[in-house]
Amino acid sequence: MKKTMRQHSFASRLKSLALAFGITLAFASCANEEIAQNQNGKDYDANLTTFSTGDPTTRTSMESNGTFYWESGDKIWVKDDNGAWQQSSNAPTEKTASFEFKVPGKFTKGSTYKVFYPGQNGNKDQVSIAANQSQTVPNTTAHFGASGDCGMADATWSNTKNGFAFALDHKAAYLLFLPRTSNTVLQGCYLTKVEIISDNDITSTYTLNPTTGELTGTGTGKRIIVSTRGNGTYANGFPLTNNATSAATNGAYVVIKPGVHTLKIRYWVKDMVTKVEGAITKTLSSTNYDQNKYYNITANLDVKNYDGDHYYMWDAQQQYWYGYEWTKHLAAGTGQPTLVGSPAGNYAQNSSDANHRWFHEGGGLGRFDATQSCAGLPNVNEMTWYAAKGDPRWDANELWTTMGHLYIGGMWFKKKAIISGYNPNTAYNGSDMRTNGGGGSWSVSQIPPSAADASNYFFLPAFGFYNSGQLNQVGSNGYYWSSSANPWDSRIYCLGFTIGSVYVSFISGSFGFRAEALFE
């Protein structure tokens, strides 16, 4: 799965858009010179200096057409001639292409002033890069001011009409996440949030340092989440309908502290039918994320897809829904149900089933092994090795798909080559349960295998099961047939698991459990 990252300075990007990045603001000095301007017939205010912004190229809020705006709540700070911090007394109340900031204090034409923009949640030279950011529409940065966008500039006298002028130099770094997918199931899901986890701090309160020209300070925040839920079209999040990069479809921006970071990105997606939500994780190499630059981070999202054709009654010749598979898109109540709680009647109900879907009868008189669909599966002895000695680990976050929907949950087991003492001819306790019977249950870990150890394990999804034509417990329970019947009655051995336990037991062969070679 290809992941690419590209960096850009805001200036270079806007140049390509025939726009200039930065702020050209002006104010007329007041105090001892009392220079003020009467704009649009308004009365003079000799106690305030006007910072006049011009065209829409003056702020960091960017629309999809490349136009920049000031946003509601934006304010600036300047130290006046007395060294006192002065904050603009007004702020936009809505998105606007230009605005006149009114700033109190004494300013002199011949002086140069440092202008600070600490973001909407900052104060003076203190900037708060938010751990929780929110973007409600794709490909917009209207949330930058509230998320920690910040900058500094030197303001010098321009002229009587325009006052002091400056161009803002931004001090945060910016990430643009561009997910795509060719997985048809994921294309029906929504991106609900993007989680950024760093090896060092990327969110906290920092200082705009005029000496270094950088954000300084060390924080403790190593995780940022940007929510992508909005209203109307985007009430569920951003769509994942694109198989090629498309900022207009689901581009999501994040503000972070500049620096060298190793980032792990978790793209949270949700299936609105099954209500399942989980994360697809990508890890990026260590990169220097520089101030005043944005970085394109693309990701091809995919998860393992499993077919719906491997539910069987035990050792039947044909699968549980043979002739009525979900891929035939039959009417509700007729074909294979793909969702819990939607029964259908066309399943085998006795051994005379014309489609040969009834289970293999004949056990209960000693050892009895599968010869048809379950013949190649692990026997009961092997199942106990996986359950008792395979270090089973429940994973509540592993995403997978089946029958057109997204699910989550399953169990990791050690591969048989890793299990010390593994022997198909005897169970973990030395007995051959194919002839002697037995079983057991074991508790499981709630911690998935580490990345370093993952290759020693294989994953079994919690596929649930069919009973009387109805699908049950998908995402919470897994049931897998063995190749062995109980030697003392007609019930069949299976491996079952849920969030807290795994067990080897026996049950009627008429249930629709999974029969496939997922064991390693």
Side-chain angles (χ1 to χ4, degrees), residues 306 310 312 314-315 363-364 366-370 374-398 400 409-465 473 475-509 511 513-520:
Y306 299 89
H310 283 81
Y312 281 81
W314 184 71
D315 204 33
R367 177 176 171 175
F368 188 72
D369 297 329
C374 294
L377 302 181
N379 64 42
V380 61
N381 294 327
E382 294 175 288
M383 291 297 200
T384 67
W385 282 104
Y386 287 120
K389 301 297 182 180
D391 187 31
R393 293 174 173 266
W394 176 259
D395 191 333
N397 294 313
E398 182 74 10
W400 45 276
M411 197 75 73
W412 293 94
F413 294 88
K414 282 186 176 179
K415 297 176 181 179
K416 62 183 179 182
I418 306 299
I419 300 174
S420 178
Y422 185 97
N423 186 347
N425 296 314
T426 59
Y428 79 103
N429 60 5
S431 173
D432 187 348
M433 292 188 180
R434 294 172 297 183
T435 57
N436 299 326
S441 63
W442 298 266
S443 60
V444 302
S445 170
Q446 305 296 307
I447 302 174
S450 67
D453 206 26
S455 62
N456 293 326
Y457 292 77
F458 65 92
F459 180 73
L460 295 183
F463 281 123
F465 67 100
Q473 299 181 350
S476 63
N477 293 68
Y479 302 92
Y480 291 80
W481 288 125
S482 76
S483 62
S484 306
N486 184 347
W488 308 120
D489 59 33
S490 60
R491 291 178 292 178
I492 311 302
Y493 275 110
C494 68
L495 174 76
F497 59 77
T498 187
I499 186 171
S501 63
V502 59
Y503 52 88
V504 176
S505 186
F506 36 82
I507 196 170
S508 169
F511 284 90
F513 290 175
R514 296 291 288 202
E516 57 184 317
L518 293 178
F519 292 81
E520 297 183 34

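For reference, positions follow the sequence shown, starting with 1.
Separation of the Y386 and F519 ring centroids falls under the 6.0 Å cut-off.
Residues passing the ring pair (Phe, Tyr, Trp, His ring centres under 6.0 Å) test with Y312: none are found, sequence neighbours excluded. Scanning for side-chain contact (heavy atoms from CB on, under 4.5 Å) contacts around A370 gives W314, D315, C374, S483, with sequence neighbours left out. S490 pairs by the side chain to side chain donor-acceptor pair (under 3.5 Å) definition with nothing, not counting sequence neighbours. Annotation: side chain to side chain donor-acceptor pair (under 3.5 Å) contacts of S441 (sequence neighbours excluded): none. In this view, T426 and N423 satisfy the side-chain contact (heavy atoms from CB on, under 4.5 Å) rule, not counting sequence neighbours. Among residues two or more places apart in sequence or in another chain, the side chain to side chain donor-acceptor pair (under 3.5 Å) test is passed with D453 by N456. Under the side-chain contact (heavy atoms from CB on, under 4.5 Å) criterion, T435 pairs with R367, D432, sequence neighbours left out. Every residue meeting the side-chain contact (heavy atoms from CB on, under 4.5 Å) condition with T384, not counting sequence neighbours, appears here in chain and number order: A427, Y428, M433, V504. Contacts of Y457 classified as side chain to side chain donor-acceptor pair (under 3.5 Å), with partners at least two apart in sequence or in another chain: D391.
Judged as a salt bridge (Lys or Arg N to Asp or Glu O under 4.0 Å), the pairs with a partner in residues 488-503 (not counting sequence neighbours) are, in order, D489-R491.
Side-chain atoms of E382 and Y422 form a donor-acceptor pair, as typed in the model, at a separation below 3.5 Å. Residues S431 and N436 bring a donor and an acceptor atom of their side chains to less than 3.5 Å of each other.
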Which pairs would a plain distance check flag for residues 409-419, meaning a side-chain donor or acceptor within less than 3.5 Å of a matching protein atom at least two apart in sequence or in another chain?
{"unit_1": "W412", "atom_1": "NE1", "unit_2": "D395", "atom_2": "OD2", "d": "3.0"}
{"unit_1": "K415", "atom_1": "NZ", "unit_2": "S455", "atom_2": "O", "d": "2.9"}

Show me the side-chain donor-acceptor pairs of residues 442-449 shorter than 3.5 Å, one per line, residues at least two apart or across chains.
{"unit_1": "S445", "atom_1": "OG", "unit_2": "R393", "atom_2": "NH1", "d": "3.4"}
{"unit_1": "S445", "atom_1": "OG", "unit_2": "I447", "atom_2": "N", "d": "3.0"}
{"unit_1": "Q446", "atom_1": "NE2", "unit_2": "I499", "atom_2": "O", "d": "2.7"}

